[in-house]
Amino acid sequence: MTVEDTTMDRTVAVDETAAAPAKRIRLDSPKAPAIETSSGASDIAAEDSKPLTQEHIFRNLRLRRIVRENHNGTVAQLSLMFYRPVDTGLSGHGLGGMPPYERTFDKRGGAIRDATDNSNLLGTIGGAQASIFDNENCGDHLDIMSHFQLGSDKPLRTCCWIRSEGDALLAVAGDDQLIHIISLAWNREIRILRGHTASIVDLQPHPTDARLLLSVGADQTVRVWSVFSGNCLCVYHYSATAARFYPDGSSLFTGAASGDVRQWRVPDLGSEPSEPHQLVLSDSNLVVAGKKYTGASVDCIRFAKGNLLVKNTGGRIEYWDLESLSAIRAFSVRHHGVNISRFDVSFDDEFICAGNSRGEVYVFGIESGKAVARLAHKRSVKPVTCCLFTRDCRSIVYSSEGGFIWRYDYVDDETLAEWEKNDESASEDSSIE
């Protein structure tokens with residue numbers, strides 16, 4: 001795979017995850033924010049002295065990297081590995097936010113981290129392939145580290161990272177009805193979880209117990225597994241389309257094709273049962289009545305500040321207070337169409353990002369309910385299938401049909417102003433005969 005530095009000319013290389021040569025695509029030069037100034041650099045310095053707000057960072061996101069995977073099909077899902085050795089889990093994410101994520105960088109712009117810190121890893125799935133990229137250590141680059149091809153041609157539909165001391169495990173699943181556990185340290189598949197009898201459409205890690213993995217099957221079951229023993233510990237007999245553990249791990253929530261959202265208890269799984277726990281509909285509580293609220297199939301569930309965020313395939317995101325079981329507000333993603341597109345919550349629990357069928361991504365303030373940024377480019381025109389905030393919220397990564405992965409990064413005002421100046425100079429030069 002060929003990777004080219006794009007810092008100076010602001011072009012973006014389209015990387016193929018196979019051996020094919022990279023293509024180069026010229027992007028439109030980003031426009032700097034309008035700054036009324038009469039003193040040039042002094043105004044930029046004044047801007048720098050102002051506190052840098054998260055809204056300003058989102059408005060200054062610019063497309064810096066495009067990757068095209070060699071399967072050329074839909075990239076069904078992305079997953080960023082946020083766990084570090086000092087983390088005990090992600091229980092703060094969804095219950096009020098996690099502490100700010102501070103990073104240091106070398107002269108090349110690569111993040112400096114401990115060798116056991118895997119929080120730079122980006123996993124992707126598309127077709128019958130899984131790929132793992134380094135999302136930080138190579139500066140502007142998004143470099144492939146490992147590539148896995150399933151033995152069958154049945155497509156993968158979901159993936160997630162699992163914490164493991166001394167390793168990083170990527171769980172992938174799809175139409176072959178199996179959950180494949182891939183070890184990055186060993187660069188191979190180390191375990192297969194068997195039990196589902198139809199396609200697997202969603203995988204989620206437990207927020208505090210690294211042993212546990214949640215899966216949603218089209219066989220009308222939701223299952224909790226022990227990743228390390230390979231045993232199924234709990235079976236929920238319910239036809240779900242998406243699921244998620246509550247951030248403290250005490251319960252789980254499921255979404256259905258009807259739009260219903262239900263809450264289920266998680267049995268004590270401290271010791272593995274001889275037979276899986278069996279739970280049925282009467283063991284759950286209806287939280288959101290789909291016919292009255294969501295109205296379409298649920299494709300993604302998240303949490304922020306202890307409250308529920310649920311999205312349907314029509315692009316509507318509902319924000320619910322779980323104590324009063326009342327709707328706080330709703331977000332509507334413009335031009336969403338009807339498709340599965342997973343959204344994300346920032347690690348401070350203040351923002352959400354969601355894509356649409358036109359290749360655009362919107363960032364919303366959860367408390368304000370307003371859109372604070374829109375990411376769009378003339379070459380990004382295919383439906384967005386998944387979008388993610390990086391942990392420091394200075395980048396957004398999203399995937400789309402056609403095998404594309406797009407990354408927007410924060411660019412400071414001074415750099416944007418310099419780009420604008422260079423573009424104006426180039427325009428003047430081209431007008432001289």
Side-chain angles (χ1 to χ4, degrees), residues 77 79 89-97 158 160 171 173 200-209 212-218 220-225 233-269 277-314 316-331 340-345 349 352 354 366 386:
Q77 190 175 356
S79 182
L90 293 180
S91 56
H93 188 207
L95 290 175
T158 182
C160 72
I200 300 169
V201 297
D202 200 10
L203 293 174
Q204 297 293 336
H206 193 279
T208 61
D209 191 337
L212 303 181
L213 176 68
L214 178 66
S215 66
V216 178
Q220 300 186 9
T221 67
V222 176
R223 297 171 181 258
V224 177
W225 306 80
L233 308 181
C234 192
V235 180
Y236 299 83
H237 295 274
Y238 183 68
S239 181
T241 54
R244 185 89 168 184
F245 285 108
Y246 188 69
D248 65 4
S250 62
S251 63
L252 63 86
F253 288 71
T254 58
S258 64
D260 288 353
V261 178
R262 290 185 169 272
Q263 183 179 16
W264 307 73
R265 67 181 177 88
V266 176
D268 182 3
L269 301 174
H277 295 277
Q278 306 288 330
L279 289 91
V280 296
L281 186 63
S282 59
D283 295 311
S284 67
N285 298 315
L286 182 64
V287 177
V288 179
K291 291 183 179 179
K292 185 177 180 181
Y293 293 99
T294 58
S297 180
V298 174
D299 64 357
C300 193
I301 295 173
R302 296 289 185 267
F303 297 92
K305 302 180 180 180
N307 299 319
L308 171 71
L309 283 157
V310 55
K311 178 184 171 295
N312 66 25
T313 53
R316 183 177 177 84
I317 302 173
E318 296 272 352
Y319 186 41
W320 282 77
D321 185 321
L322 290 176
E323 291 188 1
S324 63
L325 293 184
S326 59
I328 301 173
R329 64 177 50 85
F331 306 86
I340 296 175
S341 182
R342 292 175 170 92
F343 74 101
D344 197 23
V345 178
D349 281 8
I352 59 176
I366 292 178
C386 182

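Treat the numbers as computed from the prediction; the structure is a model and nothing was measured. Note that these values count all heavy atoms, side chains included, but never hydrogens, waters or copies made by symmetry.
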query = Would a 4.5 Å heavy-atom cut-off, applied to side chains only, mark F245 and D209 as touching?
reply = no

ask   = Are the side chains of T158 and R342 in touch, meaning some heavy atoms are under 4.5 Å apart?
value = yes

request  = Without swapping roles, check the side chain of S326 against the backbone of D321 for a donor-acceptor pair under 3.5 Å.
outcome  = no

key: Pair V287-L322, side-chain contact (heavy atoms from CB on, under 4.5 Å): steps then yes or no   = CA-CA 8 Å; V287 177; L322 290 176; 3.8 Å; yes

request  = Looking only at non-hydrogen atoms, find the nearest pair between T254 and L252 and report the distance.
outcome  = CG2-CD1, 3.7 Å

ask   = Below 4.5 Å, heavy atoms only, C-beta onward: do C160 and L213 meet side chain to side chain?
value = yes

key: For the student: nearest non-hydrogen atoms of S297 and T241, plus distance   = OG-CG2, 3.7 Å

Parallel, tilted or perpendicular: ring planes of W264 versus Y236, cut at 30 and 60 degrees = perpendicular

L212, CG: over 12 other non-hydrogen atoms inside 6.0 angstrom = yes

ask   = Checking side chain to side chain contact (heavy atoms under 4.5 Å, CB included) against I328, which of L308, N307, L309, I366 comes through?
value = N307

Interatomic distance, Q204 atom CD to S215 atom OG [nearest 0.5 angstrom] = 10.5 Å

query = Could you state the interatomic distance from NE2 (H206) to CZ (R244), rounded to the nearest 0.5 Å?
reply = 12.0 Å

ask   = So do H277 and V224 actually touch side chain to side chain, heavy atoms under 4.5 Å?
value = no

ask   = Relative to the ring of F253, is the ring of Y246 parallel (under 30°), tilted (30 to 60°) or perpendicular (over 60°)?
value = tilted

ask   = Rounded to the nearest 0.5 Å, how far does CZ of R262 lie from CG of L281?
value = 4.5 Å

query = So how far is it from C300 SG to I352 CD1, rounded to the nearest 0.5 Å?
reply = 10.0 Å

key: Heavy-atom check, side chain of V222 versus side chain of L214, under 4.5 Å   = yes

Main-chain N/O of K305 paired to D349 side chain as donor or acceptor, under 3.5 Å = yes

message = So, taking the atom named CG in D299 and the one named OG1 in T313, what distance separates them when rounded to the nearest 0.5 Å?
response = 6.0 Å

query = Does a side-chain heavy-atom distance below 4.5 Å link C386 with Q77?
reply = yes

ask   = Given side chains that start at C-beta, do those of C234 and L279 come closer than 4.5 Å, heavy atoms only?
value = yes

query = Of the non-hydrogen atoms in I301 and A243, which two are nearest, and what is the gap between them?
reply = CD1-CA, 4.3 Å

remark   = Taken to the nearest 0.5 Å, the spacing of I200 CD1 from T221 OG1 works out to 8.5 Å

